[in-house]
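Residue numbers begin at 1 in each chain, while the letters A, B, ... track the order of the sequences.
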Protein chains: 2
Amino acid sequence: MRLSKRGEYGLRAMIVLAGLPQPGAPLPVVQIKEISDREKIPGKYLEQILLSLKNAGLLHSKMGVGGGYYLAKLPSEITLGQIFRVLDGPLAPIRCVSQMAYEPCGCPDEQTCGLRLVMGDVRGAISSILDHTSLADVSKRQEAVRQQISKQSL
Amino acid sequence: MRLSKRGEYGLRAMIVLAGLPQPGAPLPVVQIKEISDREKIPGKYLEQILLSLKNAGLLHSKMGVGGGYYLAKLPSEITLGQIFRVLDGPLAPIRCVSQMAYEPCGCPDEQTCGLRLVMGDVRGAISSILDHTSLADVSKRQEAVRQQISKQSL
DNA sequence: ATGAATGTCTATCAATGCAATAGACTTTGT
DNA sequence: ACAAAGTCTATTGCATTGATAGACATTCAT
């Protein structure tokens, strides 16, 4: 049940983009290099990943001096599920329970297939997290943890 | 978030083993060929899979004429999580949230890493299903669905 | 207009893992 | 002794993954 490096890097990058201290301007534009340094991700690889995310409509970019990437929507409007699907495909562990990419699996009877019943639950559980957690939720949660920690250290 | 064929075949096979109509004898012994025919799994591949499951202590076997495989414990004592881990490794999407195979992931601060917080939830959700669903639970559920269906057809 | 800074695009590569196949070997029952 | 099962190890083809490379396009400052 593994998240690929592609997916991992992409999610990390989007979380950084969403969490960066916003300068007065409405659009915090960040360069690839800034993100790859911060998160220790190979720059050239991250390049491809951000490009995919851009082509999927989750990021916008600006070329040239002072350019970089910025979120295409508000952090509260981008879910981790959207990001994941762009980079790693369907959430479902097995295609016959996928909502976005269903395909029959050839078992004798799909309706009563035990594996399918359980994997349907798993897909649902994963989706209920990733499709209902936005980048804004992640930032909030990080902040909450930070406060928790500073409270304990008193 | 994909289940490998190995994992899929192994889970299917174990579910079959657990669900087979039990002849009077305490141990329903089933041959590889029987399972591979029923579930349309390449026989030689299934062989390796069942062997792994045996070496992991989830199956027992009997060689020679009239031999085959049978569950090493009661269906209620074998969880899908156990089977999954033997064939596909840790449940966690990312190693830094794995209970069985933890490894640091090198992010700046693990405690406040947004990705880690969310993937921890995902791991928990998957585990709460697979580690709390036994082969007996699967059989019960299949039976329930069958009854549901026959009720509707009236 | 020029040049530097940035993103865009496509190709390529090595390594790995996956799915499957093959075949020789061992044990057991009759 | 033979046939029916599981055991074990090697091999193979193929796709995917993670990464690197380099030529190209756009933008801005001067």
Side-chain angles (χ1 to χ4, degrees), chain A residues 1-13 17 27-37 39-72 84 86-90 93-95 105-106, chain B residues 1-13 17 27-37 39-72 84 86-90 93-95 105-106:
Chain A
M1 254 5 159
R2 184 95 153 294
L3 177 65
S4 71
K5 285 290 176 188
R6 231 174 105 77
E8 177 188 332
Y9 293 160
L11 286 164
R12 281 192 199 286
L17 260 318
L27 303 175
V29 173
V30 185
Q31 296 147 18
I32 294 176
K33 185 149 193 323
E34 163 95 27
I35 301 176
S36 75
D37 283 352
E39 299 286 320
K40 309 222 185 74
I41 300 172
K44 270 299 195 175
Y45 193 30
L46 183 57
E47 216 176 271
Q48 296 175 40
I49 295 170
L50 296 185
L51 194 52
S52 302
L53 258 8
K54 180 198 164 159
N55 291 333
L58 299 179
L59 285 178
H60 285 159
S61 65
K62 205 182 155 198
M63 276 186 172
V65 179
Y69 282 98
Y70 54 97
L71 298 182
F84 183 99
V86 169
L87 300 173
D88 274 17
I94 199 173
R95 277 170 273 111
C105 64
Chain B
M1 252 9 161
R2 184 92 154 296
L3 176 67
S4 72
K5 284 290 176 188
R6 239 175 143 248
E8 177 187 332
Y9 293 161
L11 286 164
R12 281 192 199 287
L17 259 319
L27 304 175
V29 173
V30 184
Q31 295 147 20
I32 294 175
K33 186 150 191 323
E34 162 96 25
I35 301 176
S36 75
D37 283 352
E39 300 285 321
K40 308 223 185 70
I41 300 172
K44 270 299 196 176
Y45 194 29
L46 184 57
E47 216 176 272
Q48 296 176 39
I49 295 170
L50 296 185
L51 195 52
S52 303
L53 258 9
K54 180 198 164 156
N55 292 333
L58 299 179
L59 285 178
H60 285 160
S61 65
K62 205 182 155 201
M63 277 186 171
V65 179
Y69 282 98
Y70 55 97
L71 299 182
F84 182 100
V86 169
L87 301 172
D88 273 17
I94 200 173
R95 277 170 272 110
C105 63

Can you pull out the residues from residues 4-12 of chain B that lie within a 4.0 Å heavy-atom distance of DNA chain D? none
With A/Phe84 via ring-ring contact (aromatic ring centres under 6.0 Å, His included) - residues at least two apart: none
Do A/Leu87 and A/Ser4 come within less than 4.5 Å of each other through their side chains, counting heavy atoms only? no
What are the two closest heavy atoms between A/Gly66 and A/Val29, and how far apart are they? O-CG1, 4.1 Å
State, to 0.1 Å, how close A/Gly57 and A/Ala72 come at their nearest heavy-atom pair, and which atoms those are. O-CB, 3.3 Å
Span of DNA chain C in contact with chain B (heavy atoms, under 4.0 Å): C/dA19 to C/dG29
Does the pair B/Leu59 and B/Tyr70 meet the rule for a side chain to side chain contact (heavy atoms under 4.5 Å, CB included), with working shown? CA-CA 6 Å; B/Leu59 285 178; B/Tyr70 55 97; over 6 Å; no
Could you tell me whether the side chain of A/Ser36 reaches within less than 4.5 Å of the side chain of A/Tyr9, counting heavy atoms only? no
Can you list the residues that meet the side chain to side chain donor-acceptor pair (under 3.5 Å) rule with B/Ser61, with sequence neighbours excluded? B/Lys54
Tell me: CD1 of B/Ile49 to C1' of D/dG6, nearest whole Å? 15 Å
Considering just the side-chain nitrogens and oxygens of B/Ser61, establish if one lies under 4.0 Å of OP1 or OP2 belonging to D/dT7. yes
Quick check: closest heavy atoms across A/Ser52 and A/Arg6, and the distance to 0.1 Å? OG-NH2, 3.7 Å
Contact class for A/Ile32 vs. all strands (heavy atom < 4.0 Å): base, sugar-phosphate, or nothing? sugar-phosphate
Take the protein atom NZ of B/Lys33 and the nucleotide atom P of D/dA5, then report the distance between them rounded to whole Å. 10 Å
Minimum heavy-atom separation for B/Arg12 and A/Cys105, please, with both atom names. NH2-SG, 3.6 Å
Which residues pass the side chain to side chain donor-acceptor pair (under 3.5 Å) test with A/Glu47, sequence neighbours left out? A/Lys44
Treat primed atoms plus P, OP1 and OP2 as sugar-phosphate and everything else as base, then score nucleotides 20-30 of chain D 5' to 3': B for base contact with protein heavy atoms under 4.0 Å, S for sugar-phosphate contact only, - for none. BBB---BBB--
